[in-house]
Protein chains: 2
Amino acid sequence: MEEHKKRILLVEDDPNFGTVLKDYLMMNDYEVTHAKNGMEGFEKFKKDDFDLCILDVMMPYKDGFTLAKEIREKNTDVPIIFLTAKTMKEDVLKGYKVGADDYLNKPFDSEVLLMKIKAIIQRKATETISDSKQFEFKIGRFDLNSKLRFLKFDGGDPVKLSPKENELLRLLALHENDLMPRELALTKIWRDDNYFTSRSMDVYIAKLRKYLKPDDKVEILNIHGEGFRLVVNS
Amino acid sequence: MEEHKKRILLVEDDPNFGTVLKDYLMMNDYEVTHAKNGMEGFEKFKKDDFDLCILDVMMPYKDGFTLAKEIREKNTDVPIIFLTAKTMKEDVLKGYKVGADDYLNKPFDSEVLLMKIKAIIQRKATETISDSKQFEFKIGRFDLNSKLRFLKFDGGDPVKLSPKENELLRLLALHENDLMPRELALTKIWRDDNYFTSRSMDVYIAKLRKYLKPDDKVEILNIHGEGFRLVVNS
DNA sequence: CATTTTTGTTAATGTAAGGTTAAAAGACGA
DNA sequence: TCGTCTTTTAACCTTACATTAACAAAAATG
């Protein structure tokens with residue numbers, strides 16, 4: 001049934017603890033890549049596809065949060081678990097802001113970690129058959145390449161999109177002709193849903209509308225109180 | 001923006017702690033139903049739709065796990081967070097087995113709880129993939145798309161519906177040719193049944209009748225003192 | 001039949017959400 | 001540190017919505 005072992009990227013600077021944890025996870029049928037610091041962690045992340053990242057927060061050179069941010073830029077979906085020192089509540093909150101899926105206070109119980117890993121991986125598996133793979137869209141007479149972040153009209157000169165512009169347009173494109181709930185964009189892109197992020201999103205909608213003006217068959221409609229809808233009229 | 005506040009079922013037997021927590025959550029813009037034990041919790045769960053359940057593990061009459069199992073039988077999707085006593089690792093593991101989404105050791109930090117709630121609710125939101133079936137209705141020569149909130153006559157130009165118009169028409173459509181009790185609409189849509197909401201509903205019925213005028217085979221009949229009936233004559 | 005209750009309908013009002021532009025604040029590399 | 005790009009916040013305006021009031025018409029009540 002199971003095609004391949006789940007791959008975990010473990011970034012932990014303490015060599016003893018790291019090795020023990022790695023062995024423990026491998027004993028439990030995970031394929032583990034162990035990086036000794038944030039730098040190395042990011043290098044390894046770029047080289048491979050992982051099903052889960054476990055990041056220590058406190059590390060020399062590059063801490064877990066910075067690493068998480070870099071990882072998130074490459075991949076918005078991969079689950080991240082932070083290992084934080086006990087009592088460091090700030091770390092926990094900061095972790096969630098960066099888009100963590102969970103955290104564990106050190107020292108933690110290994111069985112609990114295992115449960116969390118299982119729960120998270122299973123959860124992600126049921127989530128939309130990774131829309132993460134889709135980066136190129138045809139939107140009316142436009143071509144959106146959301147990996148390189150540009151938008152071309154009629155194959156002409158590409159317009160550069162900022163990260164947020166890009167992600168928002170991509171989300172809209174993924175839901176073409178359908179509702180793209182406000183909440184979805186806010187939680188996925190802004191990672192927070194409040195008055196200000198919501199207004200910020202409206203600003204970006206205005207920007208996108210400007211970009212899309214050249215093709216009058218393409219428009220972004222609002223569904224009051226729900227979200228937006230990218231429609232391509234024929 | 002406010003689509004509607006997220007609803008939380010809080011089941012906690014300690015009256016002091018429960019009340020404080022409830023108030024805290026309400027201050028943070030959640031709608032909270034507080035049950036004092038497992039029994040009551042299940043009763044309340046059956047009566048309403050919740051976006052999240054927070055269950056204390058240790059409770060008289062019916063503990064959190066048993067309650068969670070019952071809830072899972074009714075609803076496989078609603079997120080559950082357990083509140084467990086510190087150090088009770090067994091509880092944590094058991095919780096995950098019952099299908100918990102997360103747990104918190106008591107005493108916990110309220111901000112952390114808030115983050116977890118946010119994270120879990122938004123996670124569920126992204127999982128919920130649109131099953132368009134539930135949202136599309138044929139009413140005589142009309143097509144109602146209650147997800148995108150529009151009503152089309154003979155495939156012509158769609159008329160936009162407001163949220164209340166939409167929900168009301170959808171409820172009527174779900175009961176096509178049958179009685180749609182006043183009380184049902186008021187409790188489901190207005191979440192309150194009093195003179196004013198009732199009058200408000202009448203106003204919406206008038207609006208819907210206007211929209212439906214183009215097809216003289218479609219009408220909304222009143223059943224005095226009972227409710228309304230959407231009929232499609234052949 | 002007179003009276004009360006419920007419903008039909010239109011219009012007015014107040015509030016919230018969204019559209020848009022510009023300025024302020026952050027982020028980041030040179 | 002400066003300049004540039006990006007994002008957020010502010011401001012102002014428009015539109016969308018829901019509620020309430022007001023008055024008319026049916027339906028029930030007795």
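Heavy-atom basis, side chains included; hydrogens, waters and symmetry copies ignored. In what follows, chains are A, B, ... by sequence order, proteins preceding strands, each numbered from 1.
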Distance, rounded to the nearest Å, where B/K207 contributes NZ and C/dT10 contributes P | 11 Å
From CZ of B/R229 across to P of C/dT7 the rounded distance in Å is 16 Å
Can you list the residues that meet the salt bridge (Lys or Arg N to Asp or Glu O under 4.0 Å) rule with B/K46, with sequence neighbours excluded?
-> B/E43
Is A/K147 positioned over the aromatic face of A/F135, cation under 6.0 angstrom from the ring centre and no more than 45 degrees off axis?
-> yes
Quick one: how far along DNA chain D does chain B reach, first to last nucleotide 5' to 3', anything under 4.0 Å to a heavy atom?
-> D/dC17 to D/dA28
Name every residue in residues 162-189 of chain B that has at least one heavy atom under 4.0 Å from any atom of DNA chain D, in order of residue number, or write none if there are no such residues.
-> B/S162, B/P163, B/K164
Close N or O pairs between protein and nucleotides 12-15 of chain C (under 3.5 Å):
none

Report the C-alpha distance between A/I81 and A/Y103 in whole Å, list the side-chain angles of each, state the deciding distance to 0.1 Å, and finish with yes or no for side chain to side chain contact (heavy atoms under 4.5 Å, CB included).
-> CA-CA 5 Å; A/I81 294 181; A/Y103 69 93; 5.7 Å; no
Letter by letter from the 5' end, nucleotides 20-30 of chain C scores (B base, S sugar-phosphate only, - none; protein heavy atoms under 4.0 Å) BB---------
Atom CG of B/N222 and atom C1' of C/dT9: how far apart are they, to the nearest Å?
-> 14 Å
May I ask you to check whether B/F137 and B/F142 place their ring centres under 6.0 Å from each other?
-> no
Please list, chain by chain and in numerical order, all residues satisfying ring pair (Phe, Tyr, Trp, His ring centres under 6.0 Å) with A/Y204, sequence neighbours excluded.
-> A/W190
With sequence neighbours left out, the residues meeting ring pair (Phe, Tyr, Trp, His ring centres under 6.0 Å) with A/F228 are none
If a pair satisfies side-chain hydrogen bond (donor to acceptor under 3.5 Å, both in side chains) and one of its residues is in residues 63-72 of chain A, list it, with sequence neighbours excluded.
-> A/K62-A/E70, A/D63-A/T66
Return each pair, listed once, that meets side-chain hydrogen bond (donor to acceptor under 3.5 Å, both in side chains) where at least one residue sits in residues 218-234 of chain B; pairs must be two or more places apart or across chains.
-> B/E219-B/N233
Identify the two heavy atoms, one from B/K138 and one from B/D143, that lie closest to each other, and give their separation to 0.1 Å.
-> NZ-OD1, 3.0 Å
Sequence neighbours left out, what passes salt bridge (Lys or Arg N to Asp or Glu O under 4.0 Å) with A/E40? Give chain and number order.
-> A/K44
Once you build an axis from the first five pairs and another from the last five of the helix from C/dC1-D/dG30 to C/dA30-D/dT1, how far apart in angle are they, to 10 degrees?
-> 40°
With B/D202, which residues qualify under salt bridge (Lys or Arg N to Asp or Glu O under 4.0 Å), at least two apart?
-> B/R182, B/R199
